[in-house]
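A note on names: the letters A, B, ... follow the listed sequences, proteins ahead of strands, and every chain is numbered from 1.
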Number of protein chains: 2
Amino acid sequence: MRPTVHDIAAAAGVSLATVDRVLNQRPGVRHVTREKVETAIRELGYIRDVAAANLAKGRTYPLVFILPASDNSFMHGLNAEIRQAVLRSPAERTDIRTIEVPAFDPAALVSVLEELSREKPCGIAMVATDAPEVRAAVDKLVRERFPIVTLVSDLTGSLRHHYAGVDNIAAGRTAARLLGRFLGPRKGEIAVLAGSMLVRDHRERLEGFAAVMAAEFPHLAILPVLEGRDDPEVAHRLVADALGNAGIIGVYSLGAGNRGLIRALKEKTVDRTLTVIAHELTAHTRAALVDNTIDAILNQDAGHEVRSAIRVLKAKADGLAVIEAQERIRLDIFLKDNLP
Amino acid sequence: MRPTVHDIAAAAGVSLATVDRVLNQRPGVRHVTREKVETAIRELGYIRDVAAANLAKGRTYPLVFILPASDNSFMHGLNAEIRQAVLRSPAERTDIRTIEVPAFDPAALVSVLEELSREKPCGIAMVATDAPEVRAAVDKLVRERFPIVTLVSDLTGSLRHHYAGVDNIAAGRTAARLLGRFLGPRKGEIAVLAGSMLVRDHRERLEGFAAVMAAEFPHLAILPVLEGRDDPEVAHRLVADALGNAGIIGVYSLGAGNRGLIRALKEKTVDRTLTVIAHELTAHTRAALVDNTIDAILNQDAGHEVRSAIRVLKAKADGLAVIEAQERIRLDIFLKDNLP
DNA sequence: CCAAATTTGATGTACGTAAATCAAAAAATC
DNA sequence: GATTTTTTGATTTACGTACATCAAATTTGG
């Protein structure tokens, strides 16, 4: 049987009350006594029964998710997954609140973070906008002992405890290799459609993509990035224009808002084979993959990201270890054959 | 606040003891009373606090993993993941035992299953050998209310509650498309290295592979399957021999024991580019991917499979729902750019 | 050495559920 | 209608931990 507080008390030769004081860092314990107890804990290999403790405390985990108010399929999916998590709240003892902030607006994000400092949630998951003031606000919260995980888009160089999202540089590199290998020895130009170069994840994907392209597929030339602002209409216009260029043989869409891209691809008048790689599996990209308009989809599983963020925040709040391998968000590669 | 048993008792106008009898299906409750209680449960939306119940019951989950005694990297990895799960046992209230049975031996597997029927574990995870007598033994256990999940290799047509493994037909199809697309318009022959055609997962991978090859890449001819018995030495000899055929331009290794394959590939005398796709990420295949001996690796995450099997078995034992999306085991596709 | 302050012990209640016991009430049987 | 059987209620203890209270013991300061 695993040891209980009673065993610790007996082993350390103190009372239950004292063990409790040590375990819950309450005052009124002499240094030597505290050490006796801590030794007993270590020697017996005592682990607190979190379930029993939560029951006694009537504990819930108030968590806050901060998301950008972006109107694209991916964010809608992320929102839906958070709602699913809310439905599971009673069983998981979580109490989840979502805050939407204007996208790409560091100041707004910072002010939300500052408010949270007063509200005292036991964990914060946020889609980070990459700016120095955001980094400073996050670091401040971490120093005040708030568990913080970044979601989807990381905040490198900050003190955040964990990042629940894919490695975007690796994603870009993977896209480049797939595209390069699919195209074979053909020479030509590659169009890149992004949302905005102001977002870190898009910048990183492009960085990885360009690096592998240059190093391993020098016969393929990357055209200037089209910034579609994750908006289907804008994307449609940009891609339709670009396809006037007969030299294009491949497309990499690294952002959201692929509806416009797909429409432009289907409308193309000149009949030629384009190899297309896009990000994020949605109803639209899925259909396009099935009908061969798109050749591969790179995806991050929003459900996994949300569940992982919650697990990590709870663990951090309790000071417990996380299973690293379980919390690694993988880059899913979908061909038409392995769709879920 | 979520309702408790006390609220149910009050709402149904019965005593706590009666509610308990209903909840734990103990005898001695009239039909009408039982219905009153069940109505109250439904109307208040009562959900049993599993943590509190487990605490009161002093419950642990005795689980059994049945694995084939195969000496290859994948099975070693699976074993290691089970040992990790054992380390987490105190926190997860599990009590995990592993049983090794001779590989490809339905009779041995059946006799182990029959023994388990007496031992009464609260759940069984097994790497299934695909045979009618195994199917019958599994169905019998399921009818006796044992939760059973198949691991890595499924038992289609049986009553097992869940399969914790990848879709092997989809895996084979994916391999075919990757190989076909990487090779482009080149004509040639494809060597296929399998472990044994007696194992269901290998048969299924080949089936998916052959289907896509025939339908979409008819200019590539699949050579007769090499059965390497998942043994590096045998695989080495078979592949080395096969590579004497100058028409081979691609290799699909759908089984375990890739060390021999890799050695044969590196030794090849004629200098030509082979496109190679293999299964299972191990130290060897990983190195081969990095040095370009292998072009892509298809993988199933053994850690995810083990954790998923445990979650599902616990949920089934408690009669709870599982998060389907979370328990879906994906086919990982690794290029050298997205290695973990 | 005494008083004050600090540290420790003993004890009880609570969390939500399980499980057991025994008495009381209701229903079924003859 | 009395007896047996079945059903229900009331109550208690337990699981492992948290937390509060009060008394007792120990240490510290003067």
Side-chain angles (χ1 to χ4, degrees), chain A residues 1-41 44-61 89-93 95 122 317-320, chain B residues 1-41 44-61 89-93 95 122 317-320:
Chain A
M1 250 356 226
R2 62 192 268 204
T4 73
V5 276
H6 296 85
D7 302 321
I8 305 291
V14 300
S15 76
L16 250 178
T18 303
V19 173
D20 182 69
R21 288 178 186 119
V22 173
L23 278 176
N24 297 290
Q25 11 219 10
R26 268 185 269 279
V29 185
R30 248 189 323 164
H31 192 70
V32 281
T33 317
R34 163 159 280 128
E35 294 216 313
K36 267 199 301 187
V37 174
E38 277 164 357
T39 306
I41 289 176
L44 296 189
Y46 168 81
I47 331 162
R48 179 202 245 103
D49 183 330
V50 184
N54 284 347
L55 177 60
K57 278 193 284 210
R59 158 154 221 180
T60 57
Y61 298 82
S89 275
E92 299 178 349
R93 308 188 91 92
D95 178 12
C122 86
D318 291 334
L320 299 176
Chain B
M1 248 356 225
R2 61 191 271 203
T4 73
V5 276
H6 296 85
D7 302 322
I8 305 291
V14 301
S15 76
L16 247 178
T18 304
V19 174
D20 182 69
R21 288 176 186 119
V22 173
L23 278 175
N24 297 290
Q25 10 220 11
R26 269 184 268 278
V29 184
R30 250 190 320 165
H31 191 70
V32 281
T33 318
R34 164 160 278 129
E35 294 216 314
K36 268 198 301 186
V37 174
E38 277 165 356
T39 308
I41 288 176
L44 296 190
Y46 169 81
I47 331 162
R48 180 202 244 105
D49 183 330
V50 183
N54 284 347
L55 177 60
K57 277 193 282 210
R59 159 154 220 181
T60 56
Y61 298 83
S89 275
E92 298 178 349
R93 308 187 88 92
D95 179 11
C122 86
D318 291 334
L320 298 178

query = Within this structure, what is the NE2-to-C1' distance between A:His31 and D:dT28, rounded to whole angstrom?
reply = 18 Å

ask   = Tell me: NZ of A:Lys36 to C1' of C:dT7, nearest whole Å?
value = 12 Å

B:Arg30 vs C:dA27: side-chain N/O to OP1/OP2 distance below 4.0 Å = yes

ask   = Is the shortest side-chain N/O distance from A:Ser15 to OP1 or OP2 of C:dA10 below 4.0 Å?
value = no

key: Intermediate values then yes/no, side-chain contact (heavy atoms from CB on, under 4.5 Å), B:Arg48 and B:Asn24   = CA-CA 11 Å; B:Arg48 180 202 244 105; B:Asn24 297 290; 2.9 Å; yes

request  = Mark yes or no for whether B:Arg93, through its side chain, and B:Arg59, through its backbone, hold a donor-acceptor pair below 3.5 Å.
outcome  = yes

request  = Heavy atoms only: give me the nearest A:Asp20-A:Arg26 pair and the separation to one decimal.
outcome  = OD2-NH2, 2.6 Å

task = Run through B:Val37, B:Thr18, B:Ile8, B:Val5 and flag the one making a side-chain contact (heavy atoms from CB on, under 4.5 Å) with B:Leu23.
result = B:Val5

inquiry  = For A:Val29, run the side-chain contact (heavy atoms from CB on, under 4.5 Å) check against A:Arg21, A:Lys36, A:Glu35 and tell me which one passes.
reply    = A:Arg21

request  = Using side chain to side chain donor-acceptor pair (under 3.5 Å) as the criterion, list what pairs up with A:Arg2, not counting sequence neighbours.
outcome  = none

query = Can you give one letter per nucleotide of nucleotides 14-23 of chain D, going 5' to 3': B for a protein heavy atom under 4.0 Å from the base, S for sugar-phosphate only, - for none?
reply = -BBBSB-B--

